[in-house]
Asks: 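Can you read through this structure? Questions will come right after.
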There are 2 protein chains.
Amino acid sequence: MRAESVPEPTLRRLPSYYHYLVRLREKGQEMISAAQIGEDLGVHHTQVRKDLAVTGSQGKPKVGHRVEELIVSIENFLNWNNVTDAFLVGAGHLGTALLGYAGFERAGVKIVAAFDANPKMVGKKIQGVSILPMEKFTDLARRMHIGIGILTVPAEVAQETAEMMVGCGVQAIWNFAPIVLDLPQGVIVENVALYSSLGVLSRKLSVHRKALLAKASPEPVASE
Amino acid sequence: MRAESVPEPTLRRLPSYYHYLVRLREKGQEMISAAQIGEDLGVHHTQVRKDLAVTGSQGKPKVGHRVEELIVSIENFLNWNNVTDAFLVGAGHLGTALLGYAGFERAGVKIVAAFDANPKMVGKKIQGVSILPMEKFTDLARRMHIGIGILTVPAEVAQETAEMMVGCGVQAIWNFAPIVLDLPQGVIVENVALYSSLGVLSRKLSVHRKALLAKASPEPVASE
DNA sequence: GGCTAATCGATAATTTTGTATCGAGATGAA
DNA sequence: TTCATCTCGATACAAAATTATCGATTAGCC
Ligand SMILES: NC(=O)c1ccc[n+]([C@@H]2O[C@H](COP(=O)([O-])OP(=O)(O)OC[C@H]3O[C@@H](n4cnc5c(N)ncnc54)[C@H](O)[C@@H]3O)[C@@H](O)[C@H]2O)c1
Ligand SMILES: NC(=O)c1ccc[n+]([C@@H]2O[C@H](COP(=O)([O-])OP(=O)(O)OC[C@H]3O[C@@H](n4cnc5c(N)ncnc54)[C@H](O)[C@@H]3O)[C@@H](O)[C@H]2O)c1
């Protein structure tokens, strides 16, 4: 009941453990130690233990954890074995890529319909998911008790679209637009900040290159 | 020169300030205070000041910062005004979505070519970017001094593809596959962990719903 | 059966990140 | 001009996250 107090960094690492473990299982491995996970994923082994501890799974000294058990624990913890229906709004480049992806269902999210304001998109079907006109959103979302909204519309209309979703009972929004949504307290928003990612990349690359240059040139002992 | 010591959370917030500021500029606003930015983006105002400070931009008491100046500072800091050429490998659902997106160039990344192992994809052109066969990667990447590789291949081949990229001089990899790449020290890897994002979303939603249920039901004073 | 080595899980120390405080500078009004 | 007020930026404090330490447990081996 005090389960909300799980550190968010832990939450973010769990899926990467999960995928790693699934690959181990495919290879037929049954046991795994926290130390090995840490080494392979670049996480400190004590950190791995803490992270896995929140899922409730226990390891045994000398042998480590059962791969299968860990997988199930993580699935349970993240609620990945209960599928929640989601609506996607904005079936453009990114939206269709997400629709075409089969992998989200194992992460508890099933896109059951898509919506777009562009009449040219409406009526199409992608991977079995129909693209419907915006007018249908309100009614359908309410009737189907849609809990998750996936937002892949242009940034200019992201705020209003999100508000519309929330008005129809959507409790969580997966936001791909580069904007901070202002929504009622209690609504869960998860931003996929691709630009943040690019910012980090650009900055690191630029620093990296400057460091290389500095090493190459004589550098007259500047600064302390 | 000690510029590497910028906190990564700061790096991740800068792009969101950037987009916010660009929208302000479009609206014609010239000045902005750290307090206002903080309120609009849900960041503490002292944090905003610290973040902006790393870019070197200074504000003036009583009036705040010049919007235009801040934008330029952030661009400089992230090196977003120097465009670096990038190759994309894996022109599938996600790869084509990225190719179709015009917005990355303003973030200093220009996708100049795409590569795919599937002969059906090869030869196509998306937004002016040609999809080439994998055989051409090595030679072209070396000759064009490609610094950034964008990885949108299936997870099974992500590791080997990344190694191939690094072998051709690629210094930074933007990885969309749900796998932790094991690459030589010094190579910059930025993971877009969509599943992490989904993990956080699922977990929060599940906790949120349990909390709602608990409030609705009588709850006979369980737990300690 | 007892010893060794590996691993776990709890607790403590350190580092990083975020928040609050406070003096100083700038603006505009009295 | 002088004053009140707003905002900045530096410094101090608090919280969170990561890393290190250490005793406990167990499998395998002699
Ligand atoms: N494609 C990418 O690689 C990428 C990368 C980073 C961020 N994004 C962000 O994702 C979002 C979508 O990007 P995209 O490349 O798919 O854009 P897009 O233009 O291809 O798709 C947007 C879709 O939304 C629809 N739309 C527009 N207004 C609408 C409205 N009011 N209601 C419903 N639908 C509406 C359009 O018809 C279009 O199909 C944008 O916010 C963009 O900034 C995309
Ligand atoms: N599409 C999504 O929404 C989404 C979401 C999360 C993660 N991902 C990840 O992104 C990656 C790509 O996903 P996708 O949906 O675009 O898959 P996809 O199958 O549509 O595209 C993969 C592309 O890579 C090409 N390819 C396969 N093997 C290759 C090789 N050895 N060398 C070069 N190209 C090769 C294929 O021909 C295909 O065009 C995957 O790792 C996936 O897990 C995608």
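Throughout, protein chains are lettered first and strands after them, A, B, ... in sequence-line order, and every chain is numbered starting at 1.
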Asks: Write down the distance between CD (A/Glu39) and P (C/dT7), rounded to a whole number of angstrom.
Replies: 11 Å
Asks: So which one's nearest nucleotide on DNA chain D is more toward 5', B/Gly59 or A/Thr10?
Replies: B/Gly59
Asks: Is it the case that the base of C/dT4 and the side chain of A/Lys62 share a donor-acceptor contact (distance under 3.5 Å, atom types as modelled)?
Replies: no
Asks: Of the listed nucleotides (D/dA27, D/dC8, C/dG18), which one gets closest to any side-chain atom of B/Gln47?
Replies: C/dG18
Asks: Categorize B/His45 for me: base, sugar-phosphate, or nothing, with a 4.0 angstrom heavy-atom threshold over every strand shown.
Replies: nothing
Asks: Could you pick out which residue, A/Val63 or A/Arg13, lies toward the 5' side of DNA chain D when each is mapped onto its nearest nucleotide?
Replies: A/Arg13
Asks: Whether B/Asp51 and B/Arg13 form a salt bridge (side-chain N of Lys/Arg under 4.0 Å from carboxylate O of Asp/Glu) is what I want to check.
Replies: yes
Asks: Rounded to the nearest Å, what distance is computed from the NE2 atom of residue A/His65 to the P atom of nucleotide C/dA6?
Replies: 17 Å
Asks: Within the 4.0 Å heavy-atom criterion, would you say B/Ala34 contacts the bases, only the backbone, or no part of the nucleic acid?
Replies: sugar-phosphate
Asks: To the nearest Å, give me how far apart CE (B/Met31) and C1' (C/dG28) are.
Replies: 15 Å
Asks: What is the distance from NZ of A/Lys60 to C1' of D/dT25, rounded to the nearest Å?
Replies: 11 Å
Asks: In whole angstrom, what separates A/Arg66's CZ from C/dT7's P?
Replies: 16 Å
Asks: Calculate the interatomic distance between B/Gln58 atom CD and C/dG25 atom C1'; express it in whole Å.
Replies: 12 Å
Asks: By nearest heavy atom, map A/Pro61 and A/Ala53 onto DNA chain C; which one lands nearer the 5' end?
Replies: A/Pro61
Asks: Less than 3.5 Å between a donor and an acceptor, one on the side chain of A/Lys50 and one on the base of D/dT19, is that the case here?
Replies: yes
Asks: Counting the atoms with a prime plus P, OP1 and OP2 as sugar-phosphate, which does A/Ser33 contact under 4.0 Å by heavy atoms, base, sugar-phosphate, or nothing?
Replies: sugar-phosphate
Asks: Please report the shortest heavy-atom distance between B/Ser197 and A/Glu190, naming the atom on each side.
Replies: OG-CG, 3.0 Å
Asks: Atom NE2 of A/His44 and atom P of D/dT18: how far apart are they, to the nearest Å?
Replies: 12 Å
Asks: Nearest to the A/Thr46 side chain among D/dA20, D/dA17, D/dC8, which nucleotide is it?
Replies: D/dA20
Asks: Any side-chain N or O of A/Arg49 under 4.0 Å from OP1/OP2 of D/dT18?
Replies: no
Asks: If only atom types and distance count, is the side chain of A/Ser196 paired as donor or acceptor with the main-chain N or O of B/Ser16 below 3.5 Å?
Replies: no
Asks: Would you kindly say whether B/Arg23 and B/His19 are connected by a side-chain donor-acceptor distance under 3.5 Å?
Replies: no
Asks: Are A/Phe104 and A/Trp80 near enough that their ring centres are under 6.0 Å apart?
Replies: no
Asks: What is the distance, to the nearest angstrom, from the CG atom on B/Asp51 to the C1' atom on D/dA10?
Replies: 16 Å
